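The structure appears below as structure tokens.
It should be emphasised that the depicted structure is a prediction, and the values quoted were computed from it without experimental measurement. Here is how names work: the chains are called A, B, and so on, in the same order as the sequence lines, proteins then strands, and each is numbered from 1.
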2 protein chains.
Amino acid sequence: MRQPTLEEVAARAGVSKMTASRALRGARDVSAASIEKVKVAAEQLGYVGNQLALSLSSRRTNLIGVVIPSMSNIVFPEVLGGIIGGLEGSGLQPVFGVSDYDLDKERDIIRNMLSWQPAALIITGLDQPEETRKLLRQSDIPVIQIMDLDGEPIDFVVGLSHTQAGREMAEAILASGRKRIGYIGSAVDRDKRAIKRRAGFEAVLQDNGRYFVSVETSLEASSSRLGRDLTGRLLARHPDLDCIYCSNDDMAAGSLFACMKLGRAVPDDILIAGFNGLEITSALPVRIATSTSPRRAIGEQAAQLALAAMNGNGRDLARRIELRAEITLGDAER
Amino acid sequence: MRQPTLEEVAARAGVSKMTASRALRGARDVSAASIEKVKVAAEQLGYVGNQLALSLSSRRTNLIGVVIPSMSNIVFPEVLGGIIGGLEGSGLQPVFGVSDYDLDKERDIIRNMLSWQPAALIITGLDQPEETRKLLRQSDIPVIQIMDLDGEPIDFVVGLSHTQAGREMAEAILASGRKRIGYIGSAVDRDKRAIKRRAGFEAVLQDNGRYFVSVETSLEASSSRLGRDLTGRLLARHPDLDCIYCSNDDMAAGSLFACMKLGRAVPDDILIAGFNGLEITSALPVRIATSTSPRRAIGEQAAQLALAAMNGNGRDLARRIELRAEITLGDAER
DNA sequence: ACTGGTATCGATACCGGTATCGGTAACGTA
DNA sequence: TACGTTACCGATACCGGTATCGATACCAGT
């Protein structure tokens, strides 16, 4: 009554285990007649196969480990969608883990994944501590770090420079004539990439003899609610701001809603800028500025890179793929 | 230079493979001295372990297969978050698959997952065709269907009645005095649960001698942009609507934005109703109606049910856990 | 008739762990 | 002293597949 094994399928088909194995895998050295018999037997028994045995025996798995920091920020599920898409038809199975932006947790997840002997690993960010990096180097499989470019890659990296994204947004905003700029930030202790964007933004401000007029941050994860609340506080203290740079689009949406509630005209009176280019920004009644991160493309490219690296052409592969975030300022009427 | 095996760890520690295995697993029948030696050896070699061999040999895995229809609708990542949370500390590893609302794809994913011998399976919805159900029954592992309650469960089910949710929303809306109600729908061929909500809603309308004044639907996946566009069309034809029921909150947000753009007062002039209770609805400058689906709770309960069912107490477990969506009409000023 | 090649198949040895069970040493007890 | 118990350990047999290699049968060519 258990799941039937290959042995049983073979017995029923009147051939050896080995022949049955070959028949089901479509390998050579089997007669058409045998293939037919085995397929019929497998069908009748509802044979499913055992990947554990397969992988152990053949010493390769079809697993790709993927570690992301969060599930509640839609950006990462979108990256996963890209990875799944990029793996489509390759026969590879992604396995996910969520680190909650916790580097210790990330290490544990990676260790756990390695014990499944994955064919490759895709992890988020470049900020892994030495212990994790050692684990990854020892494992001797392709490691692809995604999302970020600012840092020292282990192996392959696909992403964008967040410092640069912050810098470009600052330049665009300054060019548009905004002068009194505030900042609201979420998860300021954990979200390394938001920190880099802010740093890039502030660097440009400084180069132009400016600085953030006011800053409101929180340890909480980003959300539109948090964006709304921090904006409320920011504007209570500094009603004269003409721009608010937000750690991401969730925050920016909330910031916009706070402005609407206060009767502030966006973007004429005050410009709201975020990051990611979430779908919702294209439906809002007024435009906010954002840089559209190529998150789906990052997933796809990472998946394809993983495939290529597994197939041995590791030598002549680009070890660094830079994708760019595209800025929309939203000053213009659509 | 390969990953070291248990054999090598044992050799280095000067004990047998078996003793090393026991030491690392914390099993009994090993002296403290041996445990120490083995742990040191494992540490020195950077031993990671091989789950494939472990699972094949012990005939049990720590895998829980999870199939969801989409990654781009934030609701499902949130369910996954709940599942991950519910599994925390149990040593179980969730493995995800995304079906894109495609039942054939779902079957293939399930077949693939079964070949990994998971300890349990969590799948979305109750609308699997017979072929898939047969596969699941044969597998002889606990199967937990989530999100929905309207249908015939295979084994366990955790969710809510979408028909009921639609019905309740209709009742609340009618009770608030709305009379001319329109509907906008997304993915109308695939999103079975949205279909059920609409059916429940319409049933109540009918009971009250009413009907949708107008309906706009699309095959596209739900998005705020689609909600905005469909609302635009709806109001162009029927400017006198005093309520729009949307297939979900993404659509409802877009619908709201369209109303704002048109200068319609929400909710006084026109009420927008959605489903899910997405985070964003709590930050909007005006309130929209929604039913908050207990999606994280569904994930958590499903995970706990899976744990319980695996541990053999299958007999005396609730086979059906009903959670309820909580309605917020949003008429009241907050 | 003999040789070599091709197509097909199966026996055997793994893969890297764990389950099981029997063996040995040390210790307590009659 | 003999015996039973307990603590600890390792040999062996798997788990369910695949890799590898040799065996067999059949055919064509000389």
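Gln128(A) and Gln145(A) share a donor-acceptor pair across their side chains, judged by distance under 3.5 Å alone.
With salt bridges taken as basic N to acidic carboxylate O contacts below 4.0 Å, one links Lys196(A) and Asp148(A).
The salt bridge (Lys or Arg N to Asp or Glu O under 4.0 Å) test applied to Asp29(A) returns no partner, not counting sequence neighbours. With sequence neighbours excluded, no residue forms a salt bridge (Lys or Arg N to Asp or Glu O under 4.0 Å) with Lys37(A).
Listed for the Glu8(A) side chain is a donor-acceptor partner under 3.5 Å among the backbone atoms of Thr5(A). Side-chain N or O atoms of Thr61(B) include none that pairs as donor or acceptor with a backbone N or O of Ser55(B) at under 3.5 Å. Checked by atom type and distance alone, the side chain of Asn311(A) pairs as donor or acceptor with a backbone atom of Leu307(A) at under 3.5 Å. The backbone N or O of Gly91(B) lies less than 3.5 Å from a partner atom in the side chain of Asn62(B), making a donor-acceptor pair.
An end-to-end axis angle of 50° holds for the helix from dA1(C)-dT30(D) to dA30(C)-dT1(D), taken from five base pairs per end and rounded to 10°.
Expressed to the nearest 0.5 Å, how far CD1 of Ile146(A) lies from CD of Gln301(A) amounts to 12.0 Å.
The aromatic rings of Phe96(B) and Phe96(A) lie parallel to each other, with less than 30° between the two planes, well short of the 60° mark.
In Glu43(B), the CD atom is not crowded: 12 or fewer heavy atoms of neighbouring residues, nucleotides or ligands sit closer than 6.0 Å.
Heavy atoms only, all atoms of each residue included: Val67(B) and Thr124(B) are closest at O-OG1, 2.8 Å.
Residues from residues 7-14 of chain B placing a heavy atom under 4.0 Å of any atom in DNA chain C do not occur. Listed by residue number, Arg25(B), Tyr47(B), Asn50(B) are the residues of residues 23-51 of chain B with a heavy-atom contact under 4.0 Å to DNA chain C.
In 5' to 3' order, the nucleotides of DNA chain D bounding all contacts with chain B (an atom under 4.0 Å from a heavy atom) are dC8(D) to dG16(D).
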